[in-house]
Amino acid sequence: MGYKPDLTRDDVTPKALFLNRRQIMASAAGLMAGGLAAPALAQNELEPNTLEEITNYNNYYEFGTGKEDPAKNAHMLTVDPWSIEVGGLVDRPGTYSMADIMDGMTVEERIYRFRCVEAWSMVIPWNGFELNQLLEKVGVQSGAKYVAFETAYRPDEMPGVRFPVVEWPYVEGLRLDEAMHPLTIMATGIYGEPMPKQNGAPIRLVVPWKYGFKSIKSIVRISLVEDEPPTTWNKANAREYGFYSNVNPNVDHPRWSQATERVIGAGIFAARKETLMFNGYEDQVASLYAGMDLSENY
Ligand SMILES: Nc1nc2c(c(=O)[nH]1)N[C@H]1C(S)=C(S)[C@@H](COP(=O)(O)O)O[C@H]1N2
Ligand SMILES: [Mo]
């Protein structure tokens, strides 16, 4: 399947069908109360935020530090053409166009909880493919232990990079087993529409069991490396932001509690939601951290 820039109709669930399926899931959930377990359906029981909410409350500091700045400014970003430079310990390094990247990829809808380290959350219906598919395409060599990612740095298109709020370009990283995990996706759309620019067009990482800042936007470089790569928020403040940054209600941020979260769109009088271990993905990811002290490796 070739990449279509207007990735809307054929490759992903149309919105009407999606909404219809949500109703089906709601009735399936009713049946499940009778004792039938259906863990495969669990993610579909989540009630996604509206596209309006998802695209108007953002963190994308290259376009300003206010939550509404990305929606105002990200239109300046040129996303077509786009390519990713893949290098380091790979068999097939090089410049991959979006068409090269999308060639052969299985694009799916993934409805994930999304938890920012600032203690707010949403539920987002992403469209994307598992990062392990891309890693397989480029051929990971045996010495590789981590994956490093880099966001575009375009002073002409990104008004926020004039300010040294963090070091530019924005960089992130994952351990190789985290990157290979089937929950880790490269997202190219939301609600069946191409990725909105404020959400990291045309392609961004989504790691649903980690704090939102690990999910780096508008990626232009991916490198397979031997050593733990530097990451933007860890460089800015290592005491407050670790490399792992797994969602953990039991390990507070030095300046606030991580036990609960404010649900975006729930209204100002709504109760805060209890934050779940690994953001609700504990069954699927806890084994990655077996034997590790999670308060030390925060
Ligand atoms: N390049 C880049 N990626 C980024 C950020 C950023 O400022 N720049 N912010 C991060 C943070 S803190 C969060 S919470 C999420 C927000 O993603 P969203 O706006 O799509 O909800 O993007 C992450 N990825
Ligand atoms: Mo965040």
Side-chain angles (χ1 to χ4, degrees), residues 48-74 76-77 79 82 84 110-128 148-155 157-174 184-191 193-222 230-237 240-242 245-247 253 255-256 258 261-265 275 279:
N49 280 84
T50 64
L51 188 62
E52 182 76 12
E53 289 157 356
I54 296 166
T55 56
N56 286 285
Y57 189 90
N58 299 99
N59 276 332
Y60 197 166
Y61 279 15
E62 287 86 336
F63 295 100
T65 54
K67 293 288 182 277
E68 288 161 18
D69 289 340
K72 277 186 223 137
N73 297 328
M76 295 181 225
L77 183 66
V79 299
W82 194 269
I84 300 182
R110 293 282 178 96
I111 305 170
Y112 282 162
R113 295 182 200 85
F114 190 88
R115 171 62 157 80
C116 175
V117 74
E118 297 162 339
W120 54 263
S121 70
M122 297 196 203
V123 172
I124 304 182
W126 305 105
N127 309 105
F149 304 86
E150 190 177 307
T151 294
Y153 172 74
R154 306 225 186 112
E157 299 184 355
M158 296 173 152
V161 303
R162 276 180 287 146
F163 307 100
V165 272
V166 293
E167 209 179 297
W168 311 109
Y170 194 101
V171 290
E172 257 305 335
L174 294 173
T184 302
I185 60 168
M186 295 291 274
T188 52
I190 294 175
Y191 272 119
E193 304 289 340
M195 185 63 72
K197 292 184 177 180
Q198 57 267 48
N199 295 91
I203 184 163
R204 57 94 56 91
L205 183 70
V206 176
V207 193
W209 72 92
K210 292 179 178 283
Y211 290 121
F213 66 82
K214 298 292 293 182
S215 292
I216 181 175
K217 296 176 169 182
S218 306
I219 294 166
V220 294
R221 190 185 302 277
I222 297 178
T231 57
T232 289
W233 282 103
N234 182 251
K235 283 192 287 181
N237 190 335
E240 297 191 353
Y241 310 103
S245 290
N246 294 313
V247 175
H253 185 278
R255 291 183 281 130
W256 59 83
Q258 293 293 24
E261 61 204 52
R262 180 171 59 91
V263 177
I264 301 301
T275 291
N279 206 24

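No experiment lies behind these values; they were computed from the predicted model shown. Order of appearance sets the numbers: ligands from 1, and atoms from 1 within every ligand.
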For E240, is the CD atom crowded, meaning more than 12 foreign heavy atoms sit under 6.0 Å from it?
yes

Would W233 and Y211 count as a close aromatic pair, with their ring centres under 6.0 Å?
no

Per the salt bridge (Lys or Arg N to Asp or Glu O under 4.0 Å) rule, what does the pair list look like for residues 202-212, sequence neighbours excluded?
E178-K210

Location of contacts on N58 toward ligand 1, heavy atoms closer than 4.0 Å:
both

Residue-level breakdown please: for E62 versus ligand 1, do any non-hydrogen atoms fall below 4.0 Å on the side chain, on the backbone, on both, or on neither?
side chain

Ligand 1 contact by G200, heavy-atom criterion under 4.0 angstrom
no

W233 touching ligand 1 at heavy-atom level, < 4.0 angstrom:
no

With heavy atoms only and a cut-off of under 4.0 Å, state how Y211 meets ligand 1: side chain, backbone, both or neither.
neither

Heavy-atom nearest neighbour in the protein, as seen from atom 18 (P) of ligand 1, with distance rounded to 0.1 Å:
K217 NZ, 3.4 Å

Using a 4.0 Å cut-off to any heavy atom of C116, which atoms of ligand 1 qualify?
14 (S)

Within the 4.0 Å heavy-atom cut-off, what S215 brings close to ligand 1 is backbone

Look at E157 together with K197 and state whether they make a salt bridge at an N to O cut-off of under 4.0 Å.
no

Measure the CG-CG distance between L51 and N56 for me, rounded to the nearest 0.5 Å.
8.5 Å

With only distance considered, is W120 within less than 3.5 Å of ligand 1 through an N or O on each side?
no

When you measure from atom 7 (O) of ligand 1 to every protein heavy atom, which one gives the shortest distance, and what is it?
Y61 N, 2.8 Å

Which one of V206, T65, L205, T151 has a non-hydrogen atom at the shortest distance from atom 1 (N) of ligand 1?
T151

To atom 4 (C) of ligand 1, the nearest of F213, Y170, Y60, W168 on a heavy-atom basis is Y170

Derivation and outcome, side chain to side chain donor-acceptor pair (under 3.5 Å), residues S218 and Y60
CA-CA 10 Å; S218 306; Y60 197 166; 2.6 Å; yes

Those residues at least two apart in sequence (or on a different chain) that pass salt bridge (Lys or Arg N to Asp or Glu O under 4.0 Å) with E53 are none

Looking only at protein heavy atoms, what sits closest to atom 5 (C) of ligand 1 is N59 O, 3.6 Å

Of the protein's non-hydrogen atoms, which lies at the shortest distance from atom 21 (O) of ligand 1, and what is that distance?
F114 CE2, 3.8 Å

Could you tell me how the ring of F114 sits relative to the ring of W120: parallel (under 30°), tilted (30 to 60°) or perpendicular (over 60°)?
tilted

Return yes when R204 approaches ligand 1 closer than 4.0 angstrom through a heavy atom, no otherwise.
yes

Do K67 and N58 get their side chains close enough for a donor-acceptor pair, meaning under 3.5 Å?
no

Nearest atoms (heavy-atom pairs only) where K214 meets G173
NZ-O, 2.9 Å

